[in-house]
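These notes are about the structure you will find just below.
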Amino acid sequence: MLELDVYHDKNHGPTSRQNSLGRLKLSSGQFVKKGEEALIYYPLEKKYLLSWIRGEIGLKIYYVDDVPPPPPPPVEEAKEEEGKVEPPSDNAAAPVPSDQQPPPAEVKPDDNAANPPADGESVKAVEAAPVGEENGEAEGQKPAEGYDQVEPEADSKSEQADDHDDDIVLDPTSANWVPPPQSGIMASATSGSIPEIKVTRTTSAPPPLTRPATPASYVSSVDPPDHTRIERSSFDLVEKMHYVFVKVVKAGSLPTNGNPTVKIAVAGCHATSKPARKAKYFEWDQTYAFARDTPETSSFLEVSVWADAGGANFLGGVCFDATEIPLRDPPDSPLAPQWYRLEGGGAHRGDLMLATWIGTQADEAFPDSWKSDAAGNLVNSRAKIYLSPKLWYLRASVLEAQDILPLTALKEGSFQMKAQLGFQVQKTKASVSRNGNPSWNEDLMFVAAEPFAEHLIFYLEYRQQKGPVTLGVVGIPLTSIERRVDDRKVISRWFNLEDPKSDKKGYKGRVHLSLCFDGGYHVMDEAAHVCSDYRPTARQLWKPPVGTLELGIIGCKNLLPMKTINSKGSTDAYTVAKYGSKWVRTRTVSDSLDPKWNEQYTWKVYDPCTVLTIGVFHSWGALDIDSGKEATRPDFRMGKVRIRVSTLETGKVYKNIYPLVMLGNSGVQKMGELEVAVRFVRAAPTLDFLHVYSQPLLPLMHHIKPLGMPQQEMLRSTSVKILAAHLSRSEPPLRSEVVRYMLDADSHTFSMRTVRANWSRIVNVLSCLIDMVRWIEDTRMWKNPTATILVHALLVMLVWFPDLIIPTLAFYVFAIGVWNYRFRSKEKLPHFCPKMSLADSVDRDELDEEFDTMPSTRSPDIIRTRYDKLRAIGARVQNILGDVATQGERVQALVTWRDPRATAIFVGLCLMVAFVLYLVPPKMIAMAFGFYYFRHPLFRDRMPSPALNFFRRLPSLSDKIM
């Protein structure tokens, strides 16, 4: 926390008291890097309970990443002392078992091993490559698939170094025991050789402290752009899936000069590696994961080496009993690869370095491994996490222009400014100016994505009958535009216009602009009612998260077959989930109608009134590549599920199966079922969490300077295009059709079915009022005499004790809420309902109209039929609007003297009521009116009441409508 206190200076004032003028506390999570800072005015808070504080303080806060200087070189005295230290003999280390060594003739020093210093040279500290590095384990550890784990690269390297510090362990009671390496003591080892220990002393600064290694059995949730704050949760929402892992590193002493390949077979599954890379060894460095029902399944693992990719010239192989393969469960350390002698070729045919173990999808080697259930094991079929780019609203205020040249040629026409940012083009209104100084004073809004590499280009156009003519142009880099987080005034600037037809910079006038990035808005990329995040763009305005949302994507069942292989239907399915700016994509499971993913992800929740969206898609990539085509066909939509976070109880796991329903031209089609597990964990205190419900959904700028609905829809459409283009350039890409479907980019299209469904929703909302009116009418007609008598008693009590009216209503609402608590949904979460959407009873013609493109591609006869139907509906709407206007005009006619006799009667009755209410107590009037309204039907006339008859006779303006 950054704490700032403001005091009154007692040395320069009339009092010597150190009066506090206020204080301010800010979380470090609100700080931004240098270049992203903005001036923000924070209201001062009370330091004491009874303090009287007012005012604000403006701050610009940012941080700078300082690069530490390199350590100084060792002094000469240390160098002389280092030369006196002799390395221990080779007998100081335990010998490597013979069964794990390659033949002596093939043992060579590794390239990464540190070379010993030459004679006469000073001995320097040599950082040794750990044992696991030669074994292929010193590479950067990547998070397990389904584990959104992000660690800095430097930390991962330090963790690996820490893991391998204990690779060489000697018994202290042994005669050959050597003290463990201290500061400045480093060990280097090569495969199959005895490690050499070099002792050095240096005066340089000690190495920086590193974090301990992160267990692989934890999930790390990173909410962009803060990659340093990592939140871990247990991997317990999904089922464990066991795999047989085989990591093939390299081979030596192979009797071939080509590029050999490795074939692996286990439990009926086969895999072939890529051709080896020729270096000192034949290198593959590939990991394979074969699905396994249970760890105890009995089978054999066969690994063979072949001279070429065609499978000719068998060089040898290794066979393992699967029951003897070790079982590894994180946070166990990775298994080190070992050398195995190839058998089956008679004489010695070479050695193969590999590691094999049985693990789960939580293994860190799982994401980038070859999988037996993946779609072609392409890069595009792997599980990945995507982060949406940071979007800003760019406000360009076009004020005026001056010195427009040449003035003599501008006789008739008007001036207009056109602004372009990428594919976004906006124009101001036309301004007529005879002196060459037009003015507009208009705001143009754009959407820009970080990093800012484009230019905002302004064109000054002179519009005439022949067409627009560009008089000048100016380009402004986005990196030079100021950022703001509130509605403070931005300093405007003058920009010189250049000649668009000449490469030389010629003066064509100047334009007055006010440019800024509005960080106080939330850039909408989703519909407002299904939005997953309401935070503003500026990180300084973010509030701390209130909890964590955990999602376990288990699998699908009974999917609809999308392709046919060997006369059998199958599907290559994958799942995409989106919440906030974080997208997750599961791996693609090929040729399965019941795919299992069992991947778990987490998100930070800043507002519980948000929605998590999960979509299922069929990938055509593997099928297109197998048939020799490019993966150009869009991935097929199979349905999606929305889960509102506010409907989840804290800490409770909801494991449900949701139907995947798609609505198309042919009607409703069930595509399958999706099984997921969801859990919301509250992190904020209870009062802070409940306080969120009293805060506005959108940031403050949406209320200070609101954007119109058409402008919001336009900016939202632009944001969707930018996100789709950005995510489609990722590796593997997240297809643009997937992004548009997840963001409901086509939700604004016209649908007669949606119109009727919304009308049904309105009727359903008003049903409680309709039921209440019916109950009052039944009570008034004495259909239940007991209830009518009780109502009379209640009327008497409320009239004589009016203070009980509001408490009675409040208690009645409380009783309704408690009664409905019994019927709440305990396990099943709401999902798409075809009945409520009227998808089951919709007409085929209406569906065809709903999914038709804009402009329409149907025949003129079909369009004419649709138009006639729309005219009939419009006529009914027209009549309803006319009736509403008529009733309102009759109310106005009561006092406008359009009908003198009716107005005189109404005015006279109003005067009489005023005298009666002045003379008679209001309680008596209310009592008399209540008993008169609830009188028995024997004393009631069947004709309409005189008041209703009087109102219906009042005139309206409908007779003046042509």
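- Y579 and T613 share no donor-acceptor pair across their side chains, judged by distance under 3.5 Å alone.
- Residues K384 and E731 are not paired through a salt bridge, judged by the lack of any N-O separation under 4.0 Å between the basic side chain and the carboxylate.
- Side-chain contact check for S388 and W583: at least one donor-acceptor pair (N or O, by modelled atom type) lies under 3.5 Å.
- The residues K604 and D533 are annotated as not salt-bridged, no charged nitrogen and carboxylate oxygen being separated by less than 4.0 angstrom.
- Annotation for A448 and L421: closest pair CB-CD2, 4.2 Å, computed over non-hydrogen atoms.
- When all heavy atoms of V546 and F680 are compared, the closest pair comes out as O-CZ, 4.4 Å.
- The salt bridge (Lys or Arg N to Asp or Glu O under 4.0 Å) pairs that include a residue from residues 25-37 number zero, where partners must be two or more places apart or lie in different chains.
- Y741 meets the ring pair (Phe, Tyr, Trp, His ring centres under 6.0 Å) test with F617; sequence neighbours excluded.
- Here the closest non-hydrogen pair linking Q600 and L237 is OE1-N, 3.1 Å.
- Distance alone, capped at 3.5 Å, is enough to place a donor-acceptor pair between the K578 side chain and the G580 backbone.
- Taking the side chain as every heavy atom from C-beta outward, P608 and V692 approach each other to under 4.5 Å.
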Test side chain to side chain donor-acceptor pair (under 3.5 Å) on W392 and E450 and set out the steps. CA-CA 8 Å; W392 291 77; E450 291 186 355; 2.9 Å; yes
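- Side-chain atoms of H455 never come within 3.5 Å of backbone atoms of G475 as a donor-acceptor pair (strictly under, hydrogens ignored).
- Residues satisfying the ring pair (Phe, Tyr, Trp, His ring centres under 6.0 Å) criterion with Y393, sequence neighbours excluded, are Y521.
- When atom types are taken as modelled, the side chain of Y654 and the backbone of E649 share a donor-acceptor pair closer than 3.5 angstrom.
- A side-chain donor-acceptor contact under 3.5 Å links R682 to the backbone of A684.
- In this view, K489 satisfies the side-chain contact (heavy atoms from CB on, under 4.5 Å) rule with no residue, not counting sequence neighbours.
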Take E526 and S532 through the test side chain to side chain donor-acceptor pair (under 3.5 Å) and record every step on the way to the result. CA-CA 8 Å; E526 302 168 296; S532 60; 2.8 Å; yes
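- The aromatic rings of Y693 and F689 sit perpendicular to each other, their planes meeting at more than 60°, with 30° as the lower class boundary.
- Looking at heavy atoms from C-beta onward, E550 lies out of side-chain contact with V678 at the 4.5 angstrom threshold.
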Please evaluate residues R729 and L734 with respect to the criterion side chain to side chain contact (heavy atoms under 4.5 Å, CB included), reporting the C-alpha separation (whole Å), side-chain torsions for both, the decisive distance (0.1 Å), and the verdict. CA-CA 8 Å; R729 293 193 300 265; L734 193 62; over 6 Å; no
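- Partners of A538 according to the side-chain contact (heavy atoms from CB on, under 4.5 Å) rule, which considers only residues two or more places apart in sequence or in another chain, are V485, Q540, L541.
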Could you check L456 against L394 for side chain to side chain contact (heavy atoms under 4.5 Å, CB included), going step by step and ending with a plain yes or no? CA-CA 10 Å; L456 179 61; L394 173 59; 3.8 Å; yes
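- Scanning for salt bridge (charged side-chain N to carboxylate O under 4.0 Å, His left out) contacts around D443 gives R395, with sequence neighbours left out.
- Identified under the side chain to side chain donor-acceptor pair (under 3.5 Å) test for residues 702-713, with sequence neighbours left out: none.
- Side chain of S27 to main chain of G29: a donor-acceptor pair is present (N/O by atom type, distance under 3.5 Å, no hydrogens or angles).
- Evaluation of the side chain to side chain donor-acceptor pair (under 3.5 Å) rule for E482 yields R488 as partners, not counting sequence neighbours.
- A salt bridge links R382 and D368; the closest N-O separation between the charged side-chain nitrogens and carboxylate oxygens is under 4.0 Å.
- For H512, the ring pair (Phe, Tyr, Trp, His ring centres under 6.0 Å) partners at least two apart in sequence or on another chain are W494.
- When each of L612, I643, T610 is paired with L549, the side-chain contact (heavy atoms from CB on, under 4.5 Å) condition holds for L612 and for no other.
- Of all non-hydrogen atoms in L44 and L21, the two that sit nearest each other are CD1-O, 3.5 Å.
- For Y534 and Y606, the ring centers are positioned 6.0 Å apart or more.
- The side-chain tip of R585 points at the ring of Y574 from less than 6.0 angstrom away and within 45° of straight on.
- Minimum interatomic distance between L399 and S492 (heavy atoms only, all atoms of both residues): CD1-CB, 4.0 Å.
- With sequence neighbours excluded, no residue forms a side-chain contact (heavy atoms from CB on, under 4.5 Å) with L687.
- Remark: R740 pairs with D746 by the side chain to side chain donor-acceptor pair (under 3.5 Å) rule, at least two apart or across chains.
- In this structure, V398 and M417 approach most closely via the heavy-atom pair CG1-CG, 3.7 Å.
- Formation of a donor-acceptor pair under 3.5 Å by the K582 side chain with backbone atoms of T602 is found in this model.
- With sequence neighbours excluded, the residues satisfying side-chain contact (heavy atoms from CB on, under 4.5 Å) with K427 are Q416, K418, E461, R463.
- A donor-acceptor pair under 3.5 Å links the side-chain atoms of T718 to the main chain of M714, judged by distance alone.
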